[in-house]
Amino acid sequence: MPELPEVETIANGLNKRVAGDAIESVWVGSKPEPLKSSASEIARALEGSRIDRVQRVGKHIVFSLTGKDSQPSEFIVHLGMTGRMLVASPDAEVPPHTHLTAQLRSEKELRFVDPRRFGRLEVRQTKFAGPGTEPTNISVEAFAELFHRSKAPIKAALLNLKFLHGVGNIYADESLIRAGVRPRRRANTLTSAELKKLHTAVQKVLQEAIRAGGSSISDYVDADGEKGFFQFRHRAYGREGKPCLKCKTPIKKIVVGGRGTHYCPKCQK
DNA sequence: ATACCGACCTGTCAGC
DNA sequence: TGCTGACAGGTCGGTA
């Protein structure tokens, strides 16, 4: 569900609302699935610590903490497909599939809700860097270097975390239609001109989406419960059978790398 | 080494 | 109305 722009929107919203606050107590649900660290480890790291700031790294939300022992640590949240990290009033009804709640000194409550349980929670003492390169500020040279040897379809390569972390299914499709490149093209067959166009497209799509507050598909909302607006600017994703905004050719939907993939058969070569 | 594919979960929606 | 199957924004591990 959430890709880079959504996670960025959520992380910024959380930063505004809980940075400087302190965590007084933590409840972690009994189902172990969403945890990478153990429940007791998470509770121990969070309880009594101060939230210094919240930021995005890849598709992860990173809470920088100072513990009651004054030691720094990080609380890493991955939202998976359906995860939400909400700031709620403690007397607001606790939604189903809530796996963690953290009571804050300000009387607010931080809640992690994830029906599908693909999300992950982790605490660590070392700095979290993410698995790949940030797509938002990679140079065109580094971008080309990343892809020019891969034989995977370019769509699959864009989704590969070891290359770029943060480009998900929606923004891969949106980048490819803007760059005019077919999703099934092997990455190593892209010309340097195409790689350059794709690099520009990825950056623009992500920037625009961040400015719009992300894409709201079904139930995505940010930390304030607000929906994003980028879905109204999608040119490919979710537009199967609808006319291409440029040439009116119906958008096609296929499967690439096991993921639903949308493209314009005329504009994308 | 690389690329592909199923598995992990639950909810929703289309079709019968 | 109710059942079944396909599909969903992500990632990992096994297999070819």
Side-chain angles (χ1 to χ4, degrees), chain A residues 1-11 29-36 56-61 76-85 95-99 112-122 128-133 135 146-177 183-189 202 205-206 208-210 212-223 227-241 253-262:
Chain A
M1 135 288 204
E3 302 181 33
L4 184 150
E6 292 76 37
V7 178
E8 171 112 4
T9 305
I10 293 163
S30 54
K31 294 248 179 87
E33 282 82 5
L35 311 178
K36 258 177 131 167
R56 175 195 65 77
V57 174
K59 288 176 205 163
H60 302 256
I61 302 169
I76 321 284
V77 177
H78 194 293
L79 298 173
M81 295 272 260
T82 51
R84 297 163 66 178
M85 186 54 91
H97 308 296
T98 298
H99 305 299
F112 177 67
V113 183
D114 183 13
R116 227 170 140 182
R117 287 190 278 143
F118 285 176
R120 291 292 176 264
L121 305 178
E122 182 184 8
F128 178 73
T133 307
L146 231 36
F147 292 109
H148 83 105
R149 262 190 302 269
S150 168
K151 282 187 240 163
I154 185 63
K155 160 84 186 254
L158 281 171
L159 294 179
N160 187 336
L161 294 180
K162 286 184 214 121
F163 293 152
L164 298 173
H165 56 211
V167 179
N169 204 34
I170 296 178
Y171 298 104
D173 283 3
E174 292 304 310
S175 301
L176 287 167
I177 196 170
R184 278 217 242 260
R185 284 272 302 282
R186 303 275 146 187
N188 63 358
T189 68
V202 168
V205 163
L206 293 176
E208 275 180 45
I210 289 168
S215 300
S216 285
I217 305 233
S218 71
D219 60 354
Y220 160 76
V221 286
D222 70 14
K227 286 177 178 272
F229 291 98
F230 192 71
Q231 66 276 19
F232 300 120
R233 289 200 234 151
H234 290 178
R235 296 183 196 175
Y237 187 85
R239 298 195 66 250
E240 181 185 10
K253 183 174 180 191
I254 57 176
V255 175
V256 181
R259 313 299 302 279
T261 296
H262 314 70

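Every value quoted in this text rests on a predicted model; they were computed, and no experiment measured them. Note that these values count all heavy atoms, side chains included, but never hydrogens, waters or copies made by symmetry. Chain naming here is simple, since letters A, B, ... match the order of the sequence lines and numbering starts at 1 in each.
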Across the strands shown, which category fits Lys253(A) at heavy-atom distances under 4.0 angstrom: base, sugar-phosphate, nothing?
->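 Contact class for Lys253(A): sugar-phosphate only.
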Sub-3.5 Å pairs of nitrogen or oxygen atoms, protein against nucleotides 11-15 of chain C:
| residue | atom | partner | partner atom | Å |
| --- | --- | --- | --- | --- |
| dT11(C) | OP1 | His78(A) | NE2 | 2.4 |
| dT11(C) | OP2 | Lys59(A) | NZ | 2.5 |

Might you point out which heavy atoms bring Leu159(A) and Asn169(A) nearest each other, and give the distance in Å?
->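 Where Leu159(A) meets Asn169(A) most closely, the heavy atoms are CD2-N, 3.5 Å.
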Looking at Asp114(A) and His99(A), what are the two nearest heavy atoms and their distance?
->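 That closest heavy-atom pairing would be O-NE2, 2.8 Å.
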Quantified in whole Å, what is the [atom1] atom distance between nucleotide [N] and nucleotide [M]?
N       : M       : atom1 : value
dG5(C)  : dA7(B)  : P     : 16 Å
dC7(C)  : dC5(B)  : P     : 15 Å
dT11(C) : dT12(B) : C1'   : 22 Å

Within a strict 4.5 Å, meaning less than it, do heavy atoms of the [X] and [Y] side chains meet?
X         : Y         : answer
Lys155(A) : Asp173(A) : yes
Pro135(A) : Tyr171(A) : no
Arg186(A) : Pro153(A) : yes
Thr261(A) : Leu176(A) : no
Asn160(A) : Phe147(A) : no

Interatomic distance where [atom1] belongs to [X] and [atom2] belongs to [N] [whole Å]:
X         : N       : atom1 : atom2 : answer
Ile154(A) : dT2(B)  : CD1   : P     : 16 Å
Phe163(A) : dT2(B)  : CZ    : C1'   : 9 Å
Lys155(A) : dG9(C)  : NZ    : C1'   : 11 Å
Ile76(A)  : dG10(C) : CD1   : P     : 19 Å
Tyr237(A) : dG10(C) : OH    : C1'   : 12 Å
Asn160(A) : dA1(B)  : CG    : P     : 15 Å
Phe118(A) : dG9(C)  : CZ    : C1'   : 11 Å
Leu164(A) : dG10(C) : CG    : P     : 13 Å

Give the nucleotide from the list dA8(C), dC8(B), dG11(B) with an atom nearest to the side chain of Arg116(A).
->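 Looking only at heavy atoms from C-beta outward on Arg116(A), the closest nucleotide is dA8(C).
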Among all residues two or more places apart in sequence or in another chain, which pass the side-chain hydrogen bond (donor to acceptor under 3.5 Å, both in side chains) test with Ser175(A)?
->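 With neighbours one apart ignored, the set is empty.
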Look up atom OG1 in Thr133(A) and atom NE2 in His165(A), then write down how far apart they are to the nearest 0.5 Å.
->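 It is 7.0 Å, given to the nearest 0.5 Å.
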Classify the side chain of Arg117(A) versus the base of dC9(B) as yes if they form a donor-acceptor pair under 3.5 Å and no if they do not.
->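 Not at all, since no donor on one side and acceptor on the other fall under 3.5 Å apart.
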Quick one: is Thr82(A) getting a side-chain N or O under 4.0 Å of the dC9(B) phosphate, OP1 or OP2?
->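 Checking dC9(B) against Thr82(A), no side-chain N or O comes under 4.0 Å of OP1 or OP2.
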Would you say dG11(B) has OP1 or OP2 under 4.0 Å from some side-chain N or O of His97(A)?
->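 Yes.
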Listing time: all N or O pairs from protein to nucleotides 4-7 of chain B that are below 3.5 Å?
| residue | atom | partner | partner atom | Å |
| --- | --- | --- | --- | --- |
| dC4(B) | OP1 | Arg186(A) | NH1 | 3.2 |

Not counting sequence neighbours, list each pair that qualifies as a salt bridge (Lys or Arg N to Asp or Glu O under 4.0 Å) and has a residue in residues 159-171 of chain A.
->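 For residues 159-171 of chain A: none.
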Give each stem of DNA chain B as a range with a range, requiring at least 3 consecutive Watson-Crick or G-U wobble pairs whose two distances are under 3.5 Å.
->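 So the stems come out as B:2-8 with C:10-16, B:10-16 with C:2-8.
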Considering residues at least two apart in sequence or located in another chain, which fulfil the salt bridge (Lys or Arg N to Asp or Glu O under 4.0 Å) criterion with Arg233(A)?
->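 Partners of Arg233(A) by the salt bridge (Lys or Arg N to Asp or Glu O under 4.0 Å) criterion, ordered by chain and then number, come out as Glu208(A).
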Please report the C-alpha distance between Lys151(A) and Thr189(A) in whole Å, then the side-chain angles of each, then the deciding distance to 0.1 Å, and finally whether the side-chain contact (heavy atoms from CB on, under 4.5 Å) criterion is met.
-> CA-CA 8 Å; Lys151(A) 282 187 240 163; Thr189(A) 68; over 6 Å; no
